[in-house]
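Each ligand, and each atom within it, is numbered from 1 in the order the structure gives.
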Amino acid sequence: MTATAADDRALQQAAPWWRPAAGQRLLIRGGARLEGRHPISGAKNAALPLVVATLLTPHLVTLRNLPASLDVAVLAGLLQRLGAGLSWSQGAQGLTLTVCADRLRPEAIDAGLVSRMRASVLLLGALLGRCGEARLPLPGGDAIGARGIDFHLDGLRAMGAVITLEQGVIAARAPQGLVGADIRLAFPSVGATENLMLAAVLARGTTTLRNAAREPEIADLARCLIAMGAVIDGLDSDTLVIEGGHALRGAQHAVMPDRIELGTLACAAAATDGELLLEGGDLSALAAAGPALQAAGVELETVAEGVLARRAPTGLQGIDFRTAPYPGFATDLQSPVMALLTRARGASAVTEAIFEQRFRHVDELRRMGARIALRGQTAWIRGVPRLTGARLLATDVRAGAALVLAALTAEGCSLLDGLDHLDRGYDGMVAKLAACGAALQRGDF
Ligand code: UD1
């Protein structure tokens with residue numbers, strides 16, 4: 001997934017705030033306590049479907065509080081190639097984007113950009129709904145499992161789309177327009193729920209999505225669609241009823257705060273024995289991960305400005321948990337929490353039940369001195385008194401965050417490669433951590 005110069009130019013044209021990162025490695029000196037205010041950005045996982053939703057109407061849609069992350073820039077590049085007009089501003093409320101999609105060229109998909117981001121598959125539902133056709137190379141993204149898109153394609157077919165796969169390209173057409181359908185997902189897939197919701201709002205008739213994912217980012221998408229004139233019932237439940245076919249109007253929407261950044265930084269505060277005010281964070285969105293973190297010795301307190309996180313006086317304690325669809329323990333927090341548990345008192349058992357290859361950080365943590373045994377989808381961890389710095393490689397967005405966290409607590413220096421992954425998912429992570437006292441520097445070391 002290396003960025004080409006042409007890709008970089010396309011990104012800068014579409015998202016002028018984006019800069020190719022200076023330095024491909026991160027040098028981290030462990031031992032500093034993190035203290036201070038850490039603003040929580042808009043949620044990456046909410047931002048991506050919301051940006052795609054702007055394509056559903058010819059009228060202006062404005063999104064506030066977007067995170068300035070590489071994934072958002074990549075999606076902006078895709079939208080611009082499709083013919084959308086983009087205008088940006090940056091202020092106290094994060095990035096603001098206004099999209100004018102009055103003329104779309106659904107055939108003008110940028111294959112290079114699609115290959116950089118799995119969420120580009122969401123363009124299928126939106127383009128089919130709006131233009132009646134879409135051609136999309138099979139999307140890329142993190143290598144954390146099989147990550148099929150069969151639920152997406154089956155659902156769209158149930159809504160009347162004719163879809164073929166030709167040499168790695170998904171060709172989808174709905175010459176008569178999409179029609180509402182009764183669809184049961186075999187698993188509550190986040191992306192499939194979003195894709196089918198995006199398609200259903202412009203389909204004729206009613207779509208019922210059963211066993212839908214309930215992640216809060218889905219309700220955030222639904223709220224924006226409702227502001228645009230869509231009729232959607234069952235928000236936050238596992239059955240969404242979408243009465244399609246209403247012409248959508250322009251709207252304004254603020255992206256919800258990033259619950260994964262919140263949980264990760266809460267772990268970092270506790271792991272470094274510091275104290276962070278996670279500004280704008282919403283504790284309730286952590287669902288099962290909230291009490292689990294507290295049991296592990298991460299004190300979390302809701303205050304007027306957000307969430308205060310610090311280590312409990314009783315210290316860090318091993319816990320057992322299993323990832324699950326929302327409101328279960330978020331798989332995106334599995335690796336950062338594991339980094340915390342490597343130095344907790346006693347034993348922990350961490351079971352990954354969503355993605356089959358989401359333990360690629362384990363080898364890296366072991367090289368820092370962590371005691372972790374893998375058996376199937378469970379990692380057995382015995383806490384050690386200290387980790388030591390090492391050369392590390394981030395293999396996916398969340399593994400990258402976990403390794404930064406581990407390196408911040410380790411003795412000595414670590415050098416982290418694979419920073420593209422961090423850039424994809426987090427808005428200014430390095431600068432925000434440095435502002436809270438972390439000793440880290442990006443460069444070509
Ligand atoms: C989204 C999140 C990601 C998070 C994940 C689970 C975004 C941009 N990404 O990813 O950060 O880790 O939810 O909370 O929001 N599956 C299939 N067939 C399909 C679709 C999914 O087999 O058609 C499987 C996947 O391989 C995986 C599981 O279902 O094992 C969950 O995937 P899904 O919920 O779709 O995750 P994403 O939407 O890709």
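At a 3.5 angstrom cut-off on N or O pairs, Lys44 does not count as close to ligand 1. Polar contact with ligand 1: present for Gly148 (N/O pair, distance under 3.5 Å). Among the atoms of Ser189, some N or O lies under 3.5 angstrom from an N or O of ligand 1. For ligand 1, the polar-atom distance check against Phe151 finds a nitrogen or oxygen pair separated by under 3.5 Å. For the pair Gly191 and ligand 1, the shortest N or O to N or O distance falls below 3.5 Å. Between Thr331 and ligand 1, no pair of N/O atoms sits closer than 3.5 Å. Distances between N or O atoms of Glu356 and those of ligand 1 include no value under 3.5 Å. Considering both main-chain and side-chain atoms, Pro188 never comes within under 3.5 Å of ligand 1 through any nitrogen or oxygen pair.
Inspection of the Asp396 and His421 side chains reveals no N or O donor paired with an N or O acceptor under 3.5 Å. Remark: the Arg398 side chain and the Tyr426 side chain contain an N/O donor-acceptor pair separated by less than 3.5 Å. Gln334 and His361 form a side-chain donor-acceptor contact under 3.5 Å, judged by distance and modelled atom types alone.
In terms of modelled atom types and a separation under 3.5 Å, the side chain of Glu261 and the main chain of Ser41 share a donor-acceptor contact.
Residue pairs that meet the ring pair (Phe, Tyr, Trp, His ring centres under 6.0 Å) test with at least one member in residues 63-90, sequence neighbours left out, are Trp17-Trp88.
When non-hydrogen atoms are compared, ligand 1 lies under 4.0 Å from the side chain of Asp332 (C-beta onward) but not from its backbone. Here Tyr326 has no heavy atoms under 4.0 Å from ligand 1, in either its backbone or its side chain. For Glu217, no heavy-atom contact with ligand 1 is shorter than 4.0 Å. Looking at Arg358 against ligand 1, only its side chain comes within 4.0 Å, counting heavy atoms. Here Ile354 has heavy atoms under 4.0 Å from ligand 1 in both its backbone and its side chain.
Using a 4.0 Å cut-off between a side-chain N of Lys or Arg and a carboxylate O of Asp or Glu, Arg37 and Glu279 qualify as a salt bridge. Salt bridge absent: Asp238 and Arg184 never bring a charged side-chain N and a carboxylate O closer than 4.0 Å.
Within ligand 1, counting atoms from 1 as listed, the ones closer than 4.0 Å to a heavy atom of Asp150 are 17 (C), 18 (N), 19 (C), 22 (O), 23 (O).
The distance from the CG atom of Leu196 to the CG atom of Leu185 is 6.0 Å, given to the nearest 0.5 Å. Taken to the nearest 0.5 Å, the CG atom of Leu433 stands 6.0 Å off from the CG atom of Leu408.
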